[in-house]
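Data block below; observations after.
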Amino acid sequence: MKKEVKKITKSKKANPKEEKPRIKGEAKAYSFFQDVFDVVRQIPKGRATSYGAVANYIGTKLSARMVGWAMNSAHIAKPKVPAHRVVNRNGMLTGRHHFPTPTMMEELLVKEKIKVKDNTIVDFEKIFWDPAQELTL
DNA sequence: GCATTGACGAAGG
DNA sequence: CCCTTCGCCAATG
């Protein structure tokens with residue numbers, strides 16, 4: 001149950017319509033959407049990262065949810081964002097259901113020599129790629 | 001304008 | 001050790 005924990009809901013829009021997937025080319029107003037996409041695109045093959053790591057790199061580590069939410073627009077973003085390389089901190093392919101086909105995500109991972117077992121990346125910590133660590137911002 | 005939800009994460013029981 | 005709960009930020013109904 002959700003209970004009425006938060007009834008206030010800040011709902012204060014910090015960013016005015018910055019992300020507009022409908023418009024192509026003139027998306028100058030960068031937002032965490034673009035940041036997430038950019039970071040995810042820089043994930044080397046055979047590697048994977050977690051939403052929390054990406055969020056941490058961007059600075060919104062406290063809200064790893066936003067990363068996942070942003071990935072919802074990833075399938076609209078171009079060039080295509082390798083969202084299959086982004087999983088939760090458990091290494092579980094939680095977002096596989098959002099792909100064109102639920103099997104596409106693990107198939108892509110397997111193609112990159114990433115072992116997937118029971119919807120979870122094997123040796124996730126080994127192939128883990130931390131943008132904040134690798135990119136050294 | 002308020003309540004609910006979400007491809008998460010960390011902490012508490 | 002497994003399950004439940006809170007926190008975050010933005011969007012959508």
Ignoring hydrogens and geometry, is there a side-chain-to-backbone donor-acceptor pair from [X] to [Y] under 3.5 Å?
| X | Y | result |
| --- | --- | --- |
| Asn88(A) | Gly91(A) | yes |
| Thr49(A) | Asp130(A) | no |
| Asp118(A) | Thr120(A) | no |

Specify the separation, in whole Å, of atom [atom1] of [X] and atom [atom2] of [N].
| X | N | atom1 | atom2 | value |
| --- | --- | --- | --- | --- |
| Tyr57(A) | dC8(B) | OH | C1' | 20 Å |
| Met66(A) | dA7(B) | CE | P | 11 Å |
| Leu62(A) | dG9(B) | CG | P | 13 Å |
| Arg89(A) | dG9(B) | CZ | C1' | 7 Å |
| Phe33(A) | dA10(C) | CZ | P | 10 Å |
| Ile58(A) | dC8(B) | CD1 | P | 15 Å |
| Arg85(A) | dA7(B) | CZ | C1' | 17 Å |
| Lys80(A) | dA7(B) | NZ | C1' | 18 Å |

**Prompt:** Is the closest side-chain heavy-atom distance between Arg85(A) and Glu112(A) below 4.5 Å?
**Reply:**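 Result yes, sub-4.5 Å side-chain heavy-atom pair found.
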**Request:** Decide yes or no, distance alone: a donor-acceptor N/O pair under 3.5 angstrom between the base of dG7(C) and the side-chain of Arg65(A).
**Result:** yes
**Prompt:** Considering only the C1' atoms, how many Å lie between dC2(C) and dA7(B), rounded to the nearest integer?
**Reply:** 23 Å
**Message:** Using atom P in both nucleotides, what's the gap between dC1(C) and dC8(B) to the nearest angstrom?
**Reply:**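 Per the computed distance, 24 Å lies between those P atoms.
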**Prompt:** Reckon Ser50(A) touches a base, only the sugar-phosphate, or nothing at all at heavy-atom distances under 4.0 Å?
**Reply:**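 Answer is sugar-phosphate: Ser50(A) comes under 4.0 Å of backbone atoms only.
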**Request:** Measure from the side-chain heavy atoms of Asn72(A) and tell me the nearest of dC8(C), dA7(B), dC8(B).
**Result:** dA7(B)
**Request:** Please determine if a side-chain N or O atom of Ser63(A) lies less than 4.0 Å away from the OP1 or OP2 oxygen of dC8(B).
**Result:** no
**Item:** Residue pair Tyr51(A) / Gly95(A): nearest heavy atoms and the distance that separates them
**Value:**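 The pair with the smallest heavy-atom distance is OH-N, 4.4 Å.
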